[in-house]
Amino acid sequence: MDIEIAIEKTDNPKPLPSDESFGFGKYFTDHMFITEYSKLLGWHAPRIVPYQNLRLDPGAAVLHYGQAIFEGMKAFRGTDGKIRLFRPEMNWKRMKESAERLCLEFVDLPVFIESLLRLVRTDVHWVPSKAGTALYLRPTLIGSEAFLGVRAAENLMYYVIASPVGGYYGSNAIEPVKIWVERKYSRAAPGGMGAAKAGGNYAASLKAASEAKKRGFAQVLWLDASKKEYVEEVGTMNVFFKIGDTVITPPLGGTILPGITRDSVIQLLRESKTPIEERPISLSEILEAHKTGDLKEVFGTGTAASISPVGAFGVNDELISINGGKVGTLSSELYQTLTDIQYGRRPDPLGWTMEVSL
Ligand code: COI
């Protein structure tokens, strides 16, 4: 499909940061993609422009009623020099579902894909090549209509920005993180918007995350909103538990984000004939398995976090160490397989990667 996208290049390219200094989301590339929606025109004027502030009316819906959703994805530069996206159609599908939950219109799949490809091509020298680094892409959809009545906005903006990143937790390699089991605050309730990648879900998570950080933990493990017993997800990741020889992850039931790395890991485990169960898992079951020595490994999955082993849980006053605080074999194998596919170091039989032709 031929989609006409105007390209306006910057006259002032920024200096490239060194890859040791990336961290996560600190730097932004020279350009961005943007297109607007109105009831009259539909989606129109798709364009690449120099990275810039948005022109938003102070009465815009997003600033008052939080109509904002986003995606997180990465462009990987392989050892073969090729640049690949990872399952981008899954991000579109999830963004479309998030949009529906928040009463937002969204662009069709070809426009979404083209928005990513054009931005990556325009800022191609920003795609880093060092192991563990990537160009993180942030497709974002907001209600831009200036109107204070509470209803869905009729004017919208969809834009994509990009940021060269290393590991989410600071290191570009796989390293265990400490997670606080949150028993006071909730992230999402049944019937709410927990399955949508909505900015508001992250706003709701900040209080617990900052309290956990003060206690020395990287993120929180969320439990179900009503009983505070069943595990849901970690701050920016889905979560997996290896108990005995079986891997268990909570099922998607509307309160959990349907992670694309989560789905990929489930498929990789099935392929390697590792027993994998998507079922409710309670905190008591985890603590019991820890007591009996059956809790072998815990790891989180996410685009930003990749595969992140959990080295310890903080439960009330107790610190529960997992696998002696070390990276487990399964986490490390999954990290290797997943990143090998993403960086083009091994074949991609499931067709997960999309090469960015330059
Ligand atoms: C991602 O993994 O891409 C996320 O969106 C998580 C977070 C950084 C918000």
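Every number for a ligand or one of its atoms is a count from 1 in the order of the listing. Positions are given from 1 along the sequence. What's counted below: heavy atoms across the whole structure, side chains too, no hydrogens, waters or symmetry copies.
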May I ask you to say whether [X] pairs ionically with [Y], meaning some side-chain N is under 4.0 Å from a carboxylate O?
| X | Y | value |
| --- | --- | --- |
| Glu8 | Arg47 | no |
| Glu211 | Lys207 | yes |
| Glu145 | Arg151 | yes |

Practice task
Report the relative orientation of the aromatic rings in Phe299 and Phe240; use parallel for angles under 30°, tilted for 30 to 60°, perpendicular for over 60°.
Solution key: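 The arrangement is parallel - the two ring planes meet at less than 30°.
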Handout entry: Tyr37 reachable from Phe106 in the ILVMFWY side-chain graph, under 4.5 Å edges
Key =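 They do share one cluster, since a chain of ILVMFWY contacts under 4.5 Å joins Phe106 to Tyr37.
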Starting from the N and O atoms of ligand 1, find every protein N or O within less than 3.5 Å and list the pair with its distance.
unit_1	atom_1	unit_2	atom_2	d
ligand 1	2 (O)	Thr303	N	3.3
ligand 1	2 (O)	Ala304	N	2.8
ligand 1	3 (O)	Tyr136	OH	2.6
ligand 1	5 (O)	Tyr136	OH	3.2
ligand 1	5 (O)	Lys197	NZ	2.8

Practice task
Could you check if a side-chain atom of Leu334 sits within less than 4.5 angstrom of a side-chain atom of Leu269, using non-hydrogen atoms only?
Solution key: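 Side chain of Leu334 against side chain of Leu269, heavy atoms only: contact under 4.5 Å found.
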